[in-house]
K.L.:
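Submitted below is the structure of interest, expressed as structure tokens.
Bear in mind the structure is a predicted one, so any value in this text is a computation, not a measurement. The analysis underlying the following values was restricted to heavy atoms, covering all of them including side chains, and did not include hydrogens, waters or symmetry mates. Atoms within a ligand are numbered from 1 in the order they appear, just like the ligands themselves.
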Amino acid sequence: MELRQLHDLFAAELIGADLTAPPSAELTQQVEEAMQRYGVLVIRGADITDAQQKTFSRAFGPLELPSRSPSPQQHGSARAFDPDIFHAGNLGPDGKIVPYASEKAALAKGAERFHTDSSFHSMPTKWSLLRGVLVPPLSAGGDTLFSDARAAWDDLPPEKQREIEGLIGLHDFWEGRRLAGLKGKVTPEMFRIAPFPMVKHPLVRSMPGGRKTLFIGGHCIGIEGMDNPAGLTLVEELYAHATQDKYIYRHKWQPHDLVIWDNRGTMHAATPLTSDEWPRDMRRTTVNESGPETSARRWMDERGFVNPAA
Ligand code: OGA
Ligand code: MN
């Protein structure tokens with residue numbers, strides 16, 4: 001197997017891995033090491049099934065399950081989504097393209113703001129693994145951007161690092177969606193399905209291996225002990241810093257790419273696919289560092305996290 005770096009700072013392609021069989025101890029180790037160094041790992045030609053993606057993912061940690069997965073019964077369609085897999089892209093449960101400008105696609109546009117998956121969860125995720133099953137032509141849009149939040153931390157002036165280390169970030173799914181431009185589009189029905197409460201995470205985290213990283217992203221909407229707008233202003237300042245071009249790798253999808261990213265050390269953002277001509281079928285597994293295989297919703301419900309607005 002061979003590694004080819006894709007960006008000056010981070011991101012690499014792993015060449016020669018077979019994902020159709022359960023990963024050997026050697027492959028697992030190699031992927032762990034590459035992830036620690038590069039933060040984003042691309043494996044091309046991963047023409048695998050949902051079950052194979054889950055088996056591969058579970059070698060790195062327990063799956064975080066979607067909080068709600070549309071079932072064919074609910075939607076009166078024949079297309080079953082695997083309930084353990086998150087669906088990105090532009091297909092509805094009936095397998096048809098959901099028009100980009102439609103109300104139904106509005107919530108998904110939150111992913112166009114840089115974020116780390118499930119930072120609205122009290123237990124932060126380890127990695128996400130996204131497989132492009134159907135992807136649009138290279139120039140049509142729908143690229144995914146990744147930013148190296150570890151390098152962004154490294155480059156902060158020491159006095160800024162001292163100022164922010166030890167602060168606690170506030171992460172709120174719905175506030176984050178409002179900031180991503182969905183103000184007024186969040187319906188009570190959407191909220192009822194996923195009434196995530198605000199949760200707290202350190203603003204500066206330590207990665208396995210010792211590097212530090214800025215843990216911000218789309219769901220981070222303030223700082224504990226600071227009023228907004230001051231807290232939000234600081235978050236936005238760090239966000240602007242960490243999403244400068246120099247920290248960004250743009251992934252142009254080819255069919256059967258599997259892209260793995262570390263949700264602790266990187267952020268990512270979808271780019272718009274405004275044409276409704278191309279199906280984009282993207283399937284994501286997410287793994288946690290530890291814990292049972294359960295959803296964010298269930299995990300928090302069982303531990304008494306309550307959204308006061310619910
Ligand atoms: C995700 C995500 C971006 C994209 O699946 O978590 O943010 O480009 N996807 O599909
Ligand atoms: Mn995401």
K.L.:
Please report the C-alpha distance between F196 and H171 in whole Å, then the side-chain angles of each, then the deciding distance to 0.1 Å, and finally whether the ring pair (Phe, Tyr, Trp, His ring centres under 6.0 Å) criterion is met.
P.N.:
CA-CA 10 Å; F196 293 116; H171 296 248; over 10 Å; no
K.L.:
Just jot down the ligand 1 atoms closer than 4.0 angstrom to any heavy atom of D117, in number order.
P.N.:
6 (O)
K.L.:
Ligand 1 and T144, any nitrogen or oxygen pair closer than 3.5 angstrom?
P.N.:
yes
K.L.:
Nearest non-hydrogen atom to atom 4 (C) of ligand 1 belongs to which of R284, R113, R280, M282?
P.N.:
R280
K.L.:
Verify the distance criterion only: is there a donor paired with an acceptor across the side chains of T286 and R284 at less than 3.5 Å?
P.N.:
yes
K.L.:
Report the part of A270 (side chain from C-beta onward, or backbone N, CA, C, O) that has a heavy atom under 4.0 Å from ligand 1; answer both or neither where that applies.
P.N.:
both
K.L.:
For ligand 1, which atoms, with element, lie under 4.0 Å from some heavy atom of A88?
P.N.:
5 (O), 10 (O)
K.L.:
Is the distance between the ring centroids of H241 and Y247 under 6.0 Å?
P.N.:
yes
K.L.:
Please confirm whether F146 comes under 4.0 Å of ligand 1, counting heavy atoms of the residue only.
P.N.:
no
K.L.:
Which N/O/S atom belongs to D117 and is the closest one to the Mn ion (ligand 2)?
P.N.:
OD1
K.L.:
If you measure every N or O of T271 against every N or O of ligand 1, does any of those distances drop under 3.5 Å?
P.N.:
no
K.L.:
Side chains of W261 and N263: is there a donor and an acceptor less than 3.5 Å apart?
P.N.:
yes
K.L.:
Taking only heavy atoms of W261 into account, list the atoms of ligand 1 that are under 4.0 Å away from them.
P.N.:
6 (O)
K.L.:
Under 4.0 Å from a heavy atom of H115: which atoms of ligand 1 are those, numbered in the order shown and with their elements?
P.N.:
7 (O)
K.L.:
What I want to check is whether the side chains of N288 and H121 have a donor and an acceptor closer together than 3.5 Å.
P.N.:
no
K.L.:
If we ignore angles and hydrogens, is there a donor and acceptor under 3.5 Å between the side chains of Q30 and E26?
P.N.:
no
K.L.:
To make sure I understand the geometry: which N, O or S atom in H268 is closest to the Mn ion (ligand 2)?
P.N.:
NE2
K.L.:
Are K160 and E237 ion-paired here, with the side-chain N under 4.0 Å from a carboxylate O?
P.N.:
yes
K.L.:
So which protein heavy atom does atom 9 (N) of ligand 1 come closest to, and at what separation?
P.N.:
L130 CD2, 3.9 Å
K.L.:
Assess R177 against F191: is NZ or CZ under 6.0 Å from the centre of the six-membered ring, and within 45 degrees of the ring's axis?
P.N.:
no
K.L.:
Under a plain distance cut-off of 3.5 Å, with no hydrogens placed, do T125 and D117 share a side-chain donor-acceptor pair?
P.N.:
no
K.L.:
Are any of the N or O atoms of H268 closer than 3.5 Å to those of ligand 1?
P.N.:
yes
